[in-house]
Visitor: 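The structure under discussion is supplied below as structure tokens; questions concerning it will follow.
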Amino acid sequence: MAEVLVSDIIDQVRSALAKSPIQELRTLQVESVQDALVLSGTVSSYYHKQLAQELVRSFCERIGFSLMNRIKVEWKEPLGSNP
């Protein structure tokens, strides 16, 4: 796959994540390694991890890349909650 196309796809993925209504997805990182897009960062739920994965998977399918999901899930206590 042409390097220009891959860099364009990565820019599109980053833009899609940045525009997400879910704030945590806006902080995730994506990079290309060989024939894969690597998704990394931290979210507070497996649901958010899966949402990010499926968003990026759609871009991977367009360029024939695989997806490596390295997102960590770390539950966070909501602000203002009682211990």
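Just the heavy atoms: all of them, side chains too, but no hydrogens, waters or symmetry mates, feed the values below.
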Visitor: Going through the distances and angles, do I71 and T42 end up as a side chain to side chain contact (heavy atoms under 4.5 Å, CB included)?
Guide: CA-CA 5 Å; I71 296 174; T42 304; 6.0 Å; no

Visitor: Among all residues two or more places apart in sequence or in another chain, which pass the side chain to side chain donor-acceptor pair (under 3.5 Å) test with Q53?
Guide: N69

Visitor: Measuring from atom CZ of F65 to atom OG of S32, what distance do you get when rounded to the nearest 0.5 angstrom?
Guide: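 Answer for the CZ-OG pair, F65 versus S32, is 6.0 Å.
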
Visitor: For S66, check side chain to side chain contact (heavy atoms under 4.5 Å, CB included) against everything at least two apart and list the hits.
Guide: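 Only A36 meet the side chain to side chain contact (heavy atoms under 4.5 Å, CB included) criterion with S66.
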
Visitor: Applying side chain to side chain donor-acceptor pair (under 3.5 Å), can you list everything that pairs with T27, at least two apart in sequence or on another chain?
Guide: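 Listed in chain order: nothing, the list is empty.
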
Visitor: What residues form a side chain to side chain contact (heavy atoms under 4.5 Å, CB included) with S44, not counting sequence neighbours?
Guide: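 Scan of S44 (side chain to side chain contact (heavy atoms under 4.5 Å, CB included), adjacent residues dropped) gives E24, H48.
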
Visitor: Taking the side chain as every heavy atom from C-beta outward, state whether I10 and L37 have any pair of such atoms under 4.5 Å apart.
Guide: yes

Visitor: Go through L28 and V43 one step at a time and tell me if the side chain to side chain contact (heavy atoms under 4.5 Å, CB included) criterion holds.
Guide: CA-CA 8 Å; L28 298 175; V43 295; 4.1 Å; yes

Visitor: Would a single hydrophobic cluster contain both L51 and L39, if residues Ile, Leu, Val, Met, Phe, Trp and Tyr are joined by side-chain heavy-atom contacts under 4.5 Å?
Guide: yes

Visitor: Who passes salt bridge (charged side-chain N to carboxylate O under 4.0 Å, His left out) against R57, sequence neighbours left out?
Guide: E54

Visitor: Answer yes if V73 and M68 sit in the same cluster of Ile, Leu, Val, Met, Phe, Trp and Tyr residues linked by side chain heavy atoms under 4.5 Å apart, and no otherwise.
Guide: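 No; tracing contacts between hydrophobic side chains, which count when under 4.5 Å, never links both residues.
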
Visitor: Taking the side chain from R26 and the backbone from S20, do they hold a donor-acceptor pair closer than 3.5 Å?
Guide: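 Yes.
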
Visitor: Applying side chain to side chain contact (heavy atoms under 4.5 Å, CB included), name anything that partners L55, two or more places apart in sequence or on another chain.
Guide: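 If we apply the side chain to side chain contact (heavy atoms under 4.5 Å, CB included) test to L55, skipping adjacent residues, the hits are A16, L17, F59.
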
Visitor: Give, for atom CG of L67 and atom OG of S58, the distance between the pair rounded to the nearest 0.5 Å.
Guide: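 The OG atom of S58 is 10.0 Å from CG of L67, to the nearest 0.5 Å.
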
Visitor: Do other residues, nucleotides or ligands put more than 12 heavy atoms under 6.0 Å from the CD atom of Q29?
Guide: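 Yes, because the 6.0 Å sphere around CD of Q29 holds more than 12 heavy atoms from other groups.
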
Visitor: Work out which heavy atom in R70 is nearest to a heavy atom in V38; give both atom names and the distance.
Guide: CD-CG1, 3.8 Å

Visitor: How long is the gap from CZ on R14 to CD1 on I9, to the nearest 0.5 Å?
Guide: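 Result: 12.5 Å between the selected atoms.
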
